[in-house]
Amino acid sequence: MKAIVLVKQVPDLRHGGVGVRPDGTIDRAAAPPVTNPTDLHALEAAVQLADEVVALSMGPATAEATLRDALAAGAQRATLLCDHAFAGSDTWATANALAAAVLHDGGADLVLCGTSAIDGETGQVGPSVAQRLGWPQVTMCEALAREGDGGGDTIVARRIVEGGYEQLRVPLPAVVSIGETGFAPRYPTMMQRRRATTATITHLSAADVGLDPDKVGLAASPTKVAHMTPAPLPDRACRMVGDGFGYDDLVRELRERGALTASNGRPAAATVTSTTTPAIVTAPSASVSPTTAPVAPAPFTGAAQVWVMCASEHGRLDRASRELLTRAAELAPALGGGVAAVLLAAPGAPGAHATDDIGPDDTGAEDLAGQAAAHGADIVYLATDSRLVPYRAEPWARVLAEAVRAHRPQALLLAATTTGRDLAPRLASMLDTGLAADCTDLYVADWTRRGTVYPALLHMVRPAMAGGVLATCLCPTARPQMATVRPGVFAPRPTPRPLRVEQFPVTLTDIDERVQVIDRHIGAADVSLADAEVVVAGGAGCTADSWHLVQDLAAAIGGRVAASRGAVEAGLAARAQQVGQTGITVRPRLYVACGISGALQHAIGMHDSATIVAVNRDPEAVIFKVAHYGIVGDVATVLPQLTAALGTVTRR
């Protein structure tokens with residue numbers, strides 16, 4: 001078996017931050033270059049599975065250091081795509097280059113990469129390369145094996161989904177992205193390092209791999225970065241327990257803030273606010289007198305310009321879909337009007353989603369259509385076919401691509417769930433359009449570049465560089481303008497519209513059905529973290545022996561258990577419990593951070609919580625700048641005391 005591993009050189013944001021220069025470019029001086037951490041997991045998977053391993057990177061000549069790391073870790077050969085023509089490439093253009101290089105090398109049985117890079121965290125390269133090659137894909141993979149004793153032409157992959165995992169049978173060749181919880185990287189031996197320092201690295205240009213200038217580089221990229229701004233965390237002058245302020249005082253102040261009182265809403269501090277200053281360009285709304293009875297909205301008769309890919313969860317439209325429909329209804333007037341909800345389902349069943357059981361349940365797709373209309377959908381586009389359940393990337397992408405080409409909407413929004421992150425990059429590649437991943441804000445405004453005015457563009461704001469920078473992305477000419485949006489950043493709000501349902505045709509080929517879902521395990525208790533009023537999160541400061549203390553505290557105060565990326569990587573919690581840039585965003589009335597350092601990647605997913613209590617043994621931990629209250633100490637010592645103090649109050 002031959003495997004090609006895609007590796008990237010990135011700034012080491014774990015040990016140094018980046019800044020934004022006055023001209024809007026990134027200053028990486030404080031962050032030394034390293035090999036992207038999850039790419040090392042992918043490399044380990046290749047070494048374990050394949051007889052021939054080739055490392056492939058794209059970047060400047062300095063990226064040779066990353067390829068030498070790959071050679072030291074077990075790759076036999078290394079190739080660097082190095083050409084000024086590649087400068088400024090977005091993920092669409094990058095995938096073009098990498099796919100061309102794979103074919104130039106004679107192809108492979110497996111192309112492997114990390115799930116995402118720590119500088120951009122888009123997670124788009126794997127699915128985009130798969131689409132360019134015409135191969136099946138697996139994302140968020142944590143276990144992978146060749147099927148059959150002698151190694152056949154299929155693999156079985158375990159893919160992380162919300163609340164659990166699914167097992168896929170995938171024919172080769174295939175593209176697989178490896179998550180941080182699978183295939184722990186090995187430490188190279190001295191002999192391997194010496195061999196890597198003298199190995200020859202092949203350099204290839206765009207012309208060498210047969211790429212035309214209109215396929216790579218900044219000019220060819222459909223996604224543009226309008227501007228970047230620093231995203232500093234707030235400093236809340238954390239009040240520390242100790243020196244006359246004890247646990248009883250902490251409990252009293254938490255009660256005064258409403259953190260320990262159940263409520264139907266959240267305090268003002270947790271209100272969802274825009275992360276950007278430009279106003280949304282929308283048509284003015286008519287004021288309604290309090291004495292005037294509400295007027296039922298007229299049925300929408302035009303073509304909806306803002307589409308939302310919706311999903312279900314236990315027979316209901318999931319929260320992320322309702323959030324996006326609410327925001328879409330606010331954006332639609334400035335983008336040409338009309339919101340469409342898109343549902344893919346089996347006949348008589350709800351829209352399939354990674355958190356649903358395999359097959360139909362008791363709620364019909366028509367019921368979900370009604371729920372979508374209640375949250376702002378003017379049209380519900382419905383595709384029903386038994387082959388669409390359970391979710392698989394290729395059938396869903398095929399149906400959606402054909403629908404988009406037929407109706408040509410201005411924008412398409414998806415939730416940044418494991419399903420959305422798997423589907424959106426492949427779909428964007430099929431449509432030759434841009435995609436902004438993991439957005440935290442959306443608004444509409446004009447954009448001027450080199451004297452040309454692009455009116456009413458969707459501005460897609462997303463964290464980058466481990467959350468230290470907010471990048472505003474645009475898609476000036478390609479359509480639709482696509483974004484995945486992090487769950488929890490918008491508040492869902494009923495916006496009833498008359499129900500109008502239109503059917504999509506479903507035309508699939510045998511190739512679209514080549515990936516089989518052979519098993520799925522979902523823990524229902526793990527899927528509604530974004531709705532929790534109280535969250536207790538554990539981090540890398542916890543151990544397998546102390547993790548139960550996090551669970552005990554959550555149980556004592558009626559909270560849900562969450563985790564930082566470090567805890568997930570350590571195997572203490574499931575990927576679906578991860579809060580942060582690559583997890584979910586939460587805004588509970590009380591957030592307790594246990595053994596979490598406060599890295600930007602985590603803080604960006606929880607810093608808008610109404611009240612934050614942090615426990616960390618390092619008095620200089622960044623988490624204390626984000627927190628309202630802090631306790632210095634080891635979680636094994638502090639959490640039993642905190643549980644006793646808080647649990648007594650909540651049981652009254």
Side-chain angles (χ1 to χ4, degrees), residues 1-10 33-83 94-95 97-115 117 125-126 129-130 132-133 135 138 141 143-148 150-155 157 170 172-178 182-205 208-210:
M1 174 183 279
K2 176 183 176 183
I4 296 179
V5 186
L6 310 180
V7 294
K8 183 181 181 183
Q9 187 178 70
V10 296
V34 294
T35 301
N36 183 53
T38 55
D39 293 346
L40 295 174
H41 291 254
L43 186 63
E44 177 62 26
V47 171
Q48 291 187 25
L49 291 168
D51 308 305
E52 179 184 0
V53 178
V54 181
L56 172 63
S57 188
M58 172 176 152
T62 55
E64 276 199 6
T66 282
L67 289 171
R68 296 197 185 281
D69 285 346
L71 289 166
Q76 285 101 28
R77 293 192 289 114
T79 299
L80 178 63
L81 287 170
C82 187
D83 192 324
T94 298
L98 292 172
V102 168
L103 296 177
H104 181 271
D105 202 79
D109 300 294
L110 269 177
V111 170
L112 295 151
C113 61
T115 291
V125 168
V129 169
R132 285 287 177 259
L133 293 171
W135 296 358
V138 181
C141 178
L144 189 63
R146 297 173 68 178
E147 200 163 40
D153 58 357
T154 59
I155 54 173
V170 185
L172 298 176
V175 178
V176 179
S177 67
I178 303 295
F183 296 99
R186 69 185 65 191
Y187 191 80
T189 65
M190 183 62 70
M191 183 177 295
Q192 288 172 317
R193 289 187 175 279
R194 287 175 178 170
R195 181 181 71 86
T197 59
T198 59
T200 299
I201 294 176
T202 302
H203 282 228
L204 295 175
S205 67
D208 290 333
V209 296

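Heavy atoms only: backbone and side chains are in, while hydrogens, waters and symmetry mates are out.
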Between Thr66 and Asp69, does a side-chain hydrogen bond (donor to acceptor under 3.5 Å, both in side chains) hold up when you go through it step by step?
CA-CA 5 Å; Thr66 282; Asp69 285 346; 5.0 Å; no

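- Contact record, Ser205 with Asp83: CB-OD2, 3.2 Å, taken as the closest heavy-atom pair.
- Shown here are the side-chain contact (heavy atoms from CB on, under 4.5 Å) partners of Ala97, two or more places apart in sequence or in another chain: Met58, Leu81, Phe86, Leu211, Val216.
- How far CZ of Phe183 is from CG of Leu144: 5.0 Å, rounded to the nearest 0.5 Å.
- For Gln76, there are no side chain to side chain donor-acceptor pair (under 3.5 Å) partners at least two apart in sequence or on another chain.
- The side chain to side chain donor-acceptor pair (under 3.5 Å) search around Asp105 returns Lys2, Arg77, not counting sequence neighbours.
- Atom OG1 in Thr94 sits 11.5 Å away from atom CZ in Arg132 (nearest 0.5 Å).
- Considering all non-hydrogen atoms of both residues, Gly74 and Val53 come closest at O-CB, 4.3 Å.
- With a 4.5 Å cut-off on side-chain heavy atoms, Ile178 and Thr38 do not count as touching.
- For Ser57, the side-chain contact (heavy atoms from CB on, under 4.5 Å) partners two or more places apart in sequence, or in a different chain, are Val7, Ala63, Leu67, Leu80.
- Leu56 has its side chain out of reach of Val5: every pair of non-hydrogen atoms, C-beta onward, lies at least 4.5 Å apart.
- Within the 4.5 Å cutoff, the side chain of Met1 has heavy atoms near those of the Leu172 side chain.
- The nearest pair of heavy atoms linking Val209 to Ala101 is CG1-CA, 4.0 Å.
- Looking at heavy atoms from C-beta onward, Ile201 lies out of side-chain contact with Thr79 at the 4.5 angstrom threshold.
- Between Ala196 and Ala72, the shortest heavy-atom distance links the atoms CB-N, 3.6 Å.
- Residues meeting the side-chain contact (heavy atoms from CB on, under 4.5 Å) test with Ala3, sequence neighbours left out: Ala46, Ala50, Leu110, Leu112.
- One finds the CD atom of Gln9 at 11.0 Å from the CG atom of Asn36 (value rounded to the nearest 0.5 Å).
- Among pairs with a residue in residues 182-205, those fulfilling salt bridge (charged side-chain N to carboxylate O under 4.0 Å, His left out) read Glu44-Arg186, at least two apart in sequence or across chains.
- Among residues two or more places apart in sequence or in another chain, the side-chain contact (heavy atoms from CB on, under 4.5 Å) test is passed with Pro173 by Trp135.
- Residue Val176 is tested with Leu49, Val111, Ile155 for a side-chain contact (heavy atoms from CB on, under 4.5 Å); the sole match is Ile155.
- Closest approach of Gly126 and Val175 over heavy atoms only: O-CG1, 3.4 Å.
- Across every non-hydrogen atom of Ala42 and Gly114, the tightest pair is CB-N, 3.8 Å.
- Within the 4.5 Å cutoff, the side chain of Lys8 has heavy atoms near those of the Asp39 side chain.
- Arg68 pairs by the side chain to side chain donor-acceptor pair (under 3.5 Å) definition with Glu64, not counting sequence neighbours.
- The side chain to side chain donor-acceptor pair (under 3.5 Å) search around Thr202 returns none, not counting sequence neighbours.
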